[in-house]
Amino acid sequence: MHKIAAASGIGSQEVKINILSELLKKATKLEARYIARIVSGRIRLGLGDKTILDSLSIAKTGSKEHRKELDEAYHVCPDVGNIAEVYLNRGLKGLEKIDVQLNRPVQMMLCQRVARISEAKEKLGLPVAVEFKYDGERIQAHKKGNDIKLYSRRLDDITGQFPDVVEQIKKNIKAKTVIIEGEAVAVGSKGNLLPFQKLMQRKRKHKIEEYVRKIPVCLFLFDLLYLNGKSFIHMPYFQRHNALKKIVKETNNIRIASRTICRTVDCIEQFFENIVKKGGEGVVIKSLSKDSFYEAGKRGWNWIKWKPEYAKGLRDTFDLVVVGAFFGRGRRAGTYGALLCAAYNKVKDRFETFCKLGSGFTDKQLKELPEKFKRFVVKTKPARVLIEKEMKPDVFFVPEIVVEVTGAEITKSPNHTCAKEKGQGLALRFPRFLRYRDKKPEDATCVKEILRMFKKK
DNA sequence: CTTGTCTGCCCC
DNA sequence: ATTCTGC
DNA sequence: GCAGAATGGGCAGACAAG
């Protein structure tokens with residue numbers, strides 16, 4: 001398998017295929033099954049890093065009693081191997097010494113969610129800080145003199161992607177050593193925020209400098225984890241934020257994230273409405289209490305995110321026609337993993353795809369999918385269905401069953417045919433299943449309506 | 001050289 | 001990203 | 001509530017095939 005991984009360049013695919021086929025020839029049936037799963041990366045054990053921490057504690061003490069300490073160390077030093085070595089050799093004493101360290105990324109703190117905005121008040125009390133939630137990429141920046149490193153949410157080193165951000169930090173962050181966090185967003189010539197899809201074009205290996213000019217980025221900072229030799233993660237949020245404000249010299253390409261302090265729920269709602277108008281994704285509501293620490297690696301209640309789509313009853317939903325499906329993998333083997341959904345084009349009397357749908361089903365609903373759709377399966381694409389050639393469902397359905405679907409927003413799409421014009425269609429971001437609808441496919445949400453919603457944005 | 005297809009401890 | 005489920 | 005595993009849209013990259 002090392003040989004397979006190491007092969008690259010012209011002809012490498014064939015080399016990989018040959019090694020694998022030899023391996024499979026030598027294997028028993030059962031071995032072959034697992035070899036196939038390993039190479040295809042689809043082996044699932046139901047056991048992740050967190051469960052390994054449990055097992056470490058049990059190995060040493062016979063119980064999970066050290067799990068909390070292991071967790072804390074792991075969040076600051078996200079390397080199970082390292083944690084295991086320190087813990088097994090030096091025990092809790094060793095773990096205690098693991099602290100925030102420059103050029104070793106800290107697991108990022110995440111937001112909790114609520115169903116109603118008033119719940120934020122119940123959880124956090126008042127006042128709270130309310131921050132603009134930018135639609136970009138989370139970045140944790142480490143500055144050690146002139147040595148700058150950038151890390152992604154999954155803690156990958158992405159310094160090479162953003163030489164412009166590195167330069168901004170070098171010039172405009174007044175601290176010798178510091179760890180700060182923010183959201184990188186693509187911006188237009190007037191400083192206007194651009195969609196996430198634009199920013200993603202910066203996620204490249206070649207022509208980086210060209211794209212630095214083509215798609216400028218602004219880093220909106222919102223936290224500080226470390227300053228001049230001292231960890232700040234066990235300090236309250238307002239203290240971290242104050243320290244951050246002191247060291248940032250704002251420019252068009254590096255700023256403090258827009259925010260306000262609210263003493264009422266009305267104020268939160270007002271700020272939120274304003275942000276949605278400006279094209280923001282939503283807001284993050286942050287605790288101002290004395291124990292509002294940076295909860296590394298956790299989805300804690302100190303931060304709560306609120307997006308328009310969370311408001312039940314207010315959010316837009318779509319009634320879409322199911323025109324195809326994809327076989328499921330892993331725990332969804334034997335049923336469909338996702339349905340291909342389309343809107344109805346009244347003028348042309350056809351169905352145009354808008355999204356695939358694989359989230360929001362209960363296990364029971366999933367299990368029942370093949371039976372439910374059995375009557376409508378056809379081998380080839382029905383004439384009234386319009387699908388991109390890259391989109392290849394495992395089965396097609398005669399348009400008949402209608403599902404109610406929700407999602408975050410409508411985006412331009414190269415993969416879907418809904419309202420397609422000049423090679424660009426429309427798609428639904430973060431789609432999820434709500435329920436089946438008892439209506440005719442011709443009464444589904446029409447393409448014109450989706451186009452109108454997209455333009456309104 | 002273009003086009004097609006698949007992948008990513010990918011980003012959201 | 002969202003969602004569901006076993007513990 | 002945590003941990004894990006399903007799944008989405010969409011981007012650039014890396015090859016293979018033509």
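Chain letters run A, B, ... following the sequence lines, proteins first and then strands; every chain starts at 1.
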Peer 1: Any base atoms under 4.0 Å from A:Leu110, or only sugar-phosphate, or nothing? Heavy atoms, all strands.
Peer 2: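 No contact at all - A:Leu110 keeps every heavy atom at 4.0 Å or more from the nucleic acid.
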
Peer 1: Would you mind classifying the nucleic acid contact of A:Leu199 as base, sugar-phosphate or nothing, using non-hydrogen atoms under 4.0 angstrom?
Peer 2: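 No contact at all - A:Leu199 keeps every heavy atom at 4.0 Å or more from the nucleic acid.
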
Peer 1: Can you tell me which nucleotide in C:dC4, C:dT2, B:dC11 comes closest to the side chain of A:Ser152?
Peer 2: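 So the side chain of A:Ser152 is nearest to B:dC11.
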
Peer 1: Does A:Arg204 have a side-chain nitrogen or oxygen under 4.0 Å from the phosphate oxygens OP1 or OP2 of D:dG13?
Peer 2: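 Answer yes for this pair, as a side-chain N or O of A:Arg204 is under 4.0 Å from OP1 or OP2.
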
Peer 1: When we call it a touch if two heavy atoms are under 4.0 Å apart, what does A:Leu366 touch: a base, just sugar-phosphate, or nothing?
Peer 2: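 Result for A:Leu366 = nothing.
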
Peer 1: Using a cut-off of less than 4.0 Å, is there contact between a side-chain N or O of A:Ser413 and OP1 or OP2 of D:dG10?
Peer 2: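 Result: yes.
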
Peer 1: Under 6.0 Å between the ring centres of A:Phe132 and A:Tyr134?
Peer 2: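 Yes.
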
Peer 1: Taking the same atom, C1', in B:dC9 and in B:dT5, what whole-Å distance lies between them?
Peer 2: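 B:dC9 and B:dT5 have their C1' atoms separated by 22 Å.
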
Peer 1: Counting heavy atoms from C-beta on, name the nucleotide in D:dC11, D:dG1, D:dG4 closest to the side chain of A:Gln197.
Peer 2: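 Of the options given, the side chain of A:Gln197 lies nearest D:dC11.
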
Peer 1: Can you check the distance between B:dC6 and D:dG8, where both ends of the measurement are the P atom (answer in whole Å)?
Peer 2: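 Pairwise P distance, B:dC6 against D:dG8, rounds to 15 Å.
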
Peer 1: Taking only the side-chain nitrogens and oxygens of A:Arg329, find out if one of them lies under 4.0 Å from OP1 or OP2 of D:dT7.
Peer 2: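 The answer is no; no side-chain N or O of A:Arg329 sits under 4.0 Å from OP1 or OP2.
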
Peer 1: Students often get this wrong, so: under 4.0 angstrom with heavy atoms, is A:Lys364 touching a base, only sugar-phosphate, or nothing?
Peer 2: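 Touches nothing.
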
Peer 1: So, A:Lys198 and A:Asp135, do they make that salt bridge, N to O below 4.0 Å?
Peer 2: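 Answer for the salt bridge query: no.
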
Peer 1: With a 4.0 Å limit, can you tell me whether A:Lys205 has a side-chain N or O closer than that to the phosphate oxygens OP1/OP2 of D:dA14?
Peer 2: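 Yes, such a contact exists.
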
Peer 1: It should be established whether A:Arg138 places a side-chain nitrogen or oxygen under 4.0 Å from OP1 or OP2 of nucleotide B:dC11.
Peer 2: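 So the side chain of A:Arg138 is outside the cut-off, no N or O lying under 4.0 Å from OP1 or OP2 of B:dC11.
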
Peer 1: Rounded to whole Å, how long is the line connecting atom OH of A:Tyr151 with atom P of B:dC10?
Peer 2: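 Atom OH in A:Tyr151 sits about 16 Å away from atom P in B:dC10.
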
Peer 1: Do A:Phe396 and A:Phe373 make the cut of ring centroids closer than 6.0 angstrom?
Peer 2: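 No.
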
Peer 1: The side chain of A:Ala427 is closest to which nucleotide in this list: D:dA3, D:dG10, B:dC11?
Peer 2: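 The answer is D:dG10.
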
Peer 1: Does C:dT3 have OP1 or OP2 under 4.0 Å away from a side-chain N or O of A:Arg432?
Peer 2: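 Indeed, a polar side-chain atom of A:Arg432 lies that close.
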
Peer 1: Among B:dC9, D:dG4, C:dC4, which is the nearest nucleotide to the side chain of A:Thr362?
Peer 2: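 Taking heavy atoms from C-beta onward, the closest nucleotide is C:dC4.
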
Peer 1: Find the partner of D:dG9: check Watson-Crick (N1-N3 plus N6-O4 or O6-N4) and G-U wobble (N1-O2, O6-N3) distances, both under 3.5 Å, and reply none if neither fits.
Peer 2: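 Base partner found: B:dC11.
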
Peer 1: Using a cut-off of 4.0 Å on non-hydrogen atoms, how would the nucleic acid contact of A:Arg299 be classed: base, sugar-phosphate, or nothing?
Peer 2: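 Nothing: the residue A:Arg299, judged by heavy atoms under 4.0 Å, touches no strand.
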
Peer 1: Across the strands shown, which category fits A:Lys207 at heavy-atom distances under 4.0 angstrom: base, sugar-phosphate, nothing?
Peer 2: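 No contact.
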
Peer 1: Please confirm whether the shortest side-chain N or O distance from A:Tyr310 to OP1 or OP2 of C:dT2 is below 4.0 Å.
Peer 2: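 Yes.
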
Peer 1: Among B:dC10, D:dG1, D:dG10, find the nucleotide with the atom closest to the side chain of A:Thr411.
Peer 2: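 Looking only at heavy atoms from C-beta outward on A:Thr411, the closest nucleotide is D:dG10.
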
Peer 1: In whole Å, measure the gap between the P atoms of B:dC11 and D:dA3 for me.
Peer 2: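 Rounded to whole Å, the distance is 22 Å.
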
Peer 1: Answer yes or no: does a side-chain N or O of A:Lys356 lie under 4.0 Å from OP1 or OP2 of D:dG8?
Peer 2: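 Answer is yes, contact under 4.0 Å.
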
Peer 1: Determine, using ring centers only, whether A:Phe318 and A:Phe354 are less than 6.0 Å apart.
Peer 2: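 Between A:Phe318 and A:Phe354, which both carry aromatic rings, the centre distance is below 6.0 Å.
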
Peer 1: Please confirm whether the shortest side-chain N or O distance from A:Lys298 to OP1 or OP2 of D:dC2 is below 4.0 Å.
Peer 2: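 Answer is no, no contact under 4.0 Å.
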
Peer 1: Look at the side chain of A:Ser359 and the base of C:dT2, then say whether one donor and one acceptor between them are separated by less than 3.5 Å.
Peer 2: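 Looking at the base of C:dT2, it does pair with a donor or acceptor on the side chain of A:Ser359 (distance under 3.5 Å).
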
Peer 1: What is the pairing partner of D:dA3, taking Watson-Crick or G-U wobble pairs with both distances under 3.5 Å in any strand?
Peer 2: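 Pairing partner: C:dT5.
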
Peer 1: Phosphate oxygens OP1/OP2 of C:dT3: is one of them under 4.0 Å from a side-chain N or O of A:Arg113?
Peer 2: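 Answer yes for this pair, as a side-chain N or O of A:Arg113 is under 4.0 Å from OP1 or OP2.
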
Peer 1: Quick check: on DNA chain C, is the nucleotide nearest A:Phe361 upstream (toward 5') of the one nearest A:Phe430, or the reverse? Name the residue that is more 5'.
Peer 2: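 Of the two residues, A:Phe430 wins.
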
Peer 1: Indicate whether OP1 or OP2 belonging to D:dG9 is found under 4.0 Å from a side-chain N or O atom of A:Asn415.
Peer 2: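 False: A:Asn415 side-chain N/O out of range (4.0 Å or more) of D:dG9 OP1/OP2.
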
Peer 1: Indicate whether OP1 or OP2 belonging to C:dT2 is found under 4.0 Å from a side-chain N or O atom of A:Lys305.
Peer 2: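 For C:dT2, OP1/OP2 do have a side-chain N/O of A:Lys305 under 4.0 Å.
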
Peer 1: Can you check whether A:Gln201 has a side-chain N or O nearer than 4.0 Å to OP1 or OP2 of D:dC11?
Peer 2: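 No, no such contact exists.
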
Peer 1: Between the base of B:dC10 and the side chain of A:Lys203, is there any donor-acceptor pair under 3.5 Å?
Peer 2: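 Flag set: donor-acceptor pair detected.
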
Peer 1: Taking only side-chain N and O atoms of A:His416, does any of them lie within less than 4.0 angstrom of OP1 or OP2 on D:dG9?
Peer 2: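 Answer yes for this pair, as a side-chain N or O of A:His416 is under 4.0 Å from OP1 or OP2.
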
